[in-house]
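None of these values were measured; they are calculated from a predicted model.
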Amino acid sequence: MMNSSSYFKVIPMEESHAQDICSWVYDPPYDIYSFDSWEQMKSLEIEFGDPQLRREQYVSVLANTGELAGFAQIFPMVGVSRLGIGMRPDWCGQGRGKSFVQAVVHEALRRYPHHEVDLEVLTWNERAIRTYEKAGFQITDQYERRTPDGMKPFYCMVYHNDQSHSG
């Protein structure tokens, strides 16, 4: 298997990357992860459409070829870095997820070395849950959270550094 540190590189998100990400189309049921148009995100200054938020919290994940492979939000909370992770739709399901997620975790720990790293994932998203587990996350909680489509069940998953259980 490929070495995660050499395959993916995490860099500050550039505006051109943000624009590309807004054009990504995910197949159902993952289409809920698609973003509004770049023009809309920019004019409303939401998520990475807000230049300050983009600079402080968003990163682009590049493959070693220089291609944009995905992005992440590293949201600092008290003692915790919460991750939001998105891989380019045509790269999903190809076995690159573990090293992709580990590259993002590595960046979160570099930024906030004393923080716990966690993420939230919809309970039906088994593909993502399996990937997060392979990357060292464990489900620690389940709760309902408001989404644009109403209340939905989520798992909270926490990163554990010991990789003895990796599979």
For the side chain to side chain donor-acceptor pair (under 3.5 Å) test, which of K9, E14, H17 pairs with S60?
-> H17
Sorted by first residue and then second, give each salt bridge (charged side-chain N to carboxylate O under 4.0 Å, His left out) pair with at least one member in residues 70-85; sequence neighbours left out.
-> R82-D118, R82-E120
What heavy-atom pair brings V25 and S34 nearest, and what distance separates the two atoms?
-> CA-OG, 4.1 Å
Does atom NE2 of H106 have more than 12 heavy-atom neighbours from other groups under 6.0 Å away?
-> no
Could you walk me through whether N64 and F8 pass the side-chain contact (heavy atoms from CB on, under 4.5 Å) test, one step at a time?
-> CA-CA 6 Å; N64 60 5; F8 289 110; over 6 Å; no
Determine, stepwise, if the pair R127 / C92 fulfils side-chain contact (heavy atoms from CB on, under 4.5 Å).
-> CA-CA 9 Å; R127 182 172 76 181; C92 291; 3.6 Å; yes
Solution key, residues 39-50 side-chain donor-acceptor pairs under 3.5 Å, sequence neighbours excluded:
unit_1	atom_1	unit_2	atom_2	d
S43	OG	E39	O	3.2
S43	OG	Q40	O	3.2
E47	OE1	Y58	OH	2.3
D50	OD1	Q52	N	2.9
D50	OD1	L53	N	3.3

Heavy-atom check, side chain of V59 versus side chain of Q73, under 4.5 Å = no
Heavy atoms, side chains only, cut-off 4.5 Å: are V105 and F137 in contact?
-> yes
Close side-chain approach of Q57 to M13, heavy-atom, < 4.5 Å | no
Residues at least two apart in sequence or cross-chain that pass side-chain hydrogen bond (donor to acceptor under 3.5 Å, both in side chains) with T131, listed by chain then number, are none
Are L119 and F75 grouped together when hydrophobic residues (ILVMFWY) are joined by side-chain heavy atoms under 4.5 angstrom apart?
-> no
Evaluate the criterion side-chain contact (heavy atoms from CB on, under 4.5 Å) for residue pair N125 and F154; output intermediate values, then yes/no.
-> CA-CA 9 Å; N125 194 344; F154 282 83; over 6 Å; no
Determine, using the 4.5 Å side-chain heavy-atom cutoff (strictly less than), whether I21 and V61 are members of one ILVMFWY cluster.
-> no
Pair F71 + F35: ring centers closer than 6.0 Å | yes
Residues 60-71 vs salt bridge (charged side-chain N to carboxylate O under 4.0 Å, His left out), sequence neighbours excluded, gives E67-R88
What are the two closest heavy atoms between H115 and S81, and how far apart are they?
-> ND1-OG, 3.0 Å
Hey, any chance V121 and V80 share a hydrophobic cluster, counting ILVMFWY side chains that come within less than 4.5 Å of each other, even indirectly?
-> no
Any donor-acceptor pair under 3.5 Å from T140 side chain to C156 backbone | yes
Could I get the full list of side-chain contact (heavy atoms from CB on, under 4.5 Å) partners for I32, not counting sequence neighbours?
-> L122, W124, D149
Cluster partners of V158, using ILVMFWY side-chain heavy atoms under 4.5 angstrom, listed by chain and number?
-> none
Taking all heavy atoms of A72 and all of V104, pick out the closest pair and write down the distance.
-> CB-CG1, 3.5 Å
Would you mind reporting whether I85 and F100 have side-chain heavy atoms less than 4.5 Å apart?
-> yes
In short, Q102 meets K134 closest at the heavy-atom pair NE2-O, 4.3 Å
side-chain contact (heavy atoms from CB on, under 4.5 Å) filter on Q142, not counting sequence neighbours, yields T123, P153, Y155
Applying side chain to side chain donor-acceptor pair (under 3.5 Å), which residue pairs with at least one partner in residues 20-32 are found, sequence neighbours left out?
-> none
Scanning both residues in full, the closest heavy-atom pair of A63 with A69 reads N-CB, 4.2 Å
Linked, directly or transitively: L62 and L83 (ILVMFWY side chains, under 4.5 Å) | no
For the hydrophobic clusters of this structure (ILVMFWY residues joined by side-chain heavy atoms under 4.5 Å, transitively), does one cluster hold both V10 and L68?
-> no
Can you name the side-chain hydrogen bond (donor to acceptor under 3.5 Å, both in side chains) partners of Y112, sequence neighbours left out?
-> none
CA sep, side-chain torsions, deciding dist, call: L109, Y159, side-chain contact (heavy atoms from CB on, under 4.5 Å) = CA-CA 11 Å; L109 291 171; Y159 179 71; 4.1 Å; yes
Could you pull out all residues at least two apart from R110 that satisfy side-chain hydrogen bond (donor to acceptor under 3.5 Å, both in side chains)?
-> E107
Applying side-chain hydrogen bond (donor to acceptor under 3.5 Å, both in side chains) to E126 and not counting sequence neighbours gives none
